[in-house]
Amino acid sequence: MIALLVLALGAWEPALAQLQGTVNVAWTANAETDLAGYRLYADLDPNIFLLAPSQAAMVADRFVTLGPAATSASLQLTAGQTWFLALTAFDLSGNESGFSSVESATPSLTPTVRTLSVTSMRQGQTGLGVTISGDNFTAGASVSFGPGITVGPVNSTGAPSTLVTTLNADALAQVGARTVTVTNVGGGTGSKVNGFSVTVNVARLDLDGSDRIDNGDLVLILLTYPSVSGDGIYVVTHDLDVNGRIDGADLAIFFAHFGEVGPFP
Amino acid sequence: MIRQAGAKAGLPRTGRLCALLLAGILCASCNTGDEAEELPGSVTRSTPNATFTPAAGADCQIADQLSMQLGRVVGSGVELELVVTDCDGSMSVSGLAFEIDFDPAVANFVGCTAGGFFPGSQLLPGTPACTMSGGNVLGTITLTPPGFVKVGGSGRATIVRVTFNLTQQGVASPVSFAGTDSSSGTALFFLDPSTQATTTHVLGGSGYQGGTFISN
């Protein structure tokens, strides 16, 4: 006779990682030697779990059978709705345990970032309005442009297809490409790699304040070239791309603007 | 603004057509069988013959000096050599900032190349770098710190070559260094071995010698 397999409450330890319409579930394995597998049930109505498992199986929205070695599962469920999930175990004779504790999850939509109305800003620039276009944005979504860029309040009245916000770049924001990430309420995220960039503030290259990018500025850079942050000679004001190194990349930026005459914006 | 960095001299080779006249008159400009070397940017037909006359030689008449000397000339193309003269062995040169004034109505700036004084492998990335705006060429060539080179041997060395193309015939037009003894203008950079710091070397007014573009 196979004892009814009962999942101890402690054995059902759902680790719900809510992804884009996906609910991930994990549990501690049963130790019975005649364990044959598990069944995972999901429904929008928690009351189905008042039924016997054999009856619930006939009405549940989702029903998955897993092998005895399984300790996790992923279900694609309709996003934005609250789902109820529970687990049973069954033995080699087909005897099924009662339901574990019932857990709930609301899978989030995954946003897609397609285009931005503005794709770059200068170090130190403030008040830059940008419209982000894409799909599956939710009301209350947040936006990130990486370190050194402060994102203002996000207007999501255009959801699910547009978000609008205002950006401020630090004076020493790192120069280069940025990944733009939208995070929906509920945790779903979508990104556009290299969707935005920060450009150097040319005024920073005029180290001697002569209103011209020239050898007077180069002489000052040479005092700190080459160096890395933490070195005694490193000076962040000479690190033109603000990547923690005064190197050939900074020289390339310098010579790209060599000879330019101010005043610089 | 014309900008050039780290340029190397490319020399396309062209032949010259020669019109032979009857009764044995030879074309004075024919180089039959030889191909003429051409400087970048120069034009070989209906253009002035150009040259450059330095204001002073680089031969220790002035002990420490930065001067413009005549390099290669082909047709309307003129290459100026910026030459450092050090007859007492006192200079530990790590770089050169230069600013050259010329008349853009009579010449076009073409570019700049390293003169060979500095080892190419030790040049600061991006140098030599030159840019031109109006009639002003701003340029730099420098070694990666803490490098420096002594001017040995004959006491003169070509640091950088600057190429122009003359566009007018029958002119004599001055070319000069600007902003002398200033790191923002024209100055030799020296490395102080004790501090490893780059300093500018003061040559004084007579230490900077330009010259004259001549075309006919």
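Letters go in sequence order (proteins before strands), and every chain restarts at 1. Hydrogens, waters and symmetry mates are skipped; everything else that's a heavy atom, side chains included, is used. This is a predicted model, so every value here is computed, not measured.
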J.: Which region of Leu222(A), side chain (C-beta onward) or backbone (N, CA, C, O), has a non-hydrogen atom less than 4.5 Å from a non-hydrogen atom of chain B, or is it both or neither?
T.: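 Contact with chain B is through both the backbone and side chain of Leu222(A).
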
J.: Can you measure from OG (Ser184(B)) to CG (Asp211(A)) and round to the nearest 0.5 angstrom?
T.: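 If we round to the nearest 0.5 Å, Ser184(B):OG and Asp211(A):CG are 11.5 Å apart.
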
J.: Residues in ring pair (Phe, Tyr, Trp, His ring centres under 6.0 Å) with His238(A), at least two apart?
T.: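 Checked His238(A) against ring pair (Phe, Tyr, Trp, His ring centres under 6.0 Å); zero matches.
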
J.: Give the member of Ser94(B), Ala187(B), Gly139(B), Gly185(B) that has the highest number of heavy-atom pairs under 4.5 Å with chain A.
T.: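 Ranked by contacts with chain A, first place is Gly139(B).
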
J.: Give me the atom names and distance for the closest heavy-atom approach of Phe189(B) to Asn215(A).
T.: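 Closest approach of Phe189(B) to Asn215(A): CZ-CB, 4.1 Å.
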
J.: Shortest non-hydrogen contact from Phe255(A) to Ala129(B)?
T.: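 Reported closest heavy-atom pair: CD2-CB, 3.6 Å.
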
J.: Under a 4.5 Å heavy-atom cut-off, does chain B meet the side chain of Ile221(A), its backbone, both or neither?
T.: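 For Ile221(A), neither part sits under 4.5 Å from chain B.
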
J.: To check you understand the geometry: which heavy-atom pair defines the closest contact between Thr131(B) and Phe258(A), and what is its length?
T.: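 Nearest pair, atom of Thr131(B) first, then Phe258(A): CG2-O, 3.5 Å.
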
J.: Hey, what do you get for OG (Ser183(B)) to CG (Asp208(A)), rounding to the nearest 0.5 Å?
T.: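 Those atoms lie 6.5 Å apart.
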
J.: Please report the C-alpha distance between Thr142(B) and Val219(A) in whole Å, then the side-chain angles of each, then the deciding distance to 0.1 Å, and finally whether the side-chain contact (heavy atoms from CB on, under 4.5 Å) criterion is met.
T.: CA-CA 10 Å; Thr142(B) 185; Val219(A) 168; over 6 Å; no

J.: Roughly how far apart are Leu218(A) CG and Leu124(B) CG, rounded to 0.5 Å?
T.: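 Separation between the atoms: 6.5 Å.
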
J.: For the atom pair CG (Asn136(B)) and CZ (Arg212(A)), what is the distance rounded to the nearest 0.5 Å?
T.: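 Nearest 0.5 Å value for the CG-CZ distance: 6.0 Å.
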
J.: Who among Gly248(A), Pro226(A), Gly216(A), Ala252(A) has the most heavy-atom pairs with chain B under 4.5 Å?
T.: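 Max contact count across the listed options: Gly216(A).
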
J.: Let me confirm one number: the CG-OG1 distance from Leu251(A) to Thr144(B), rounded to the nearest 0.5 Å.
T.: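 Separation between the atoms: 8.0 Å.
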
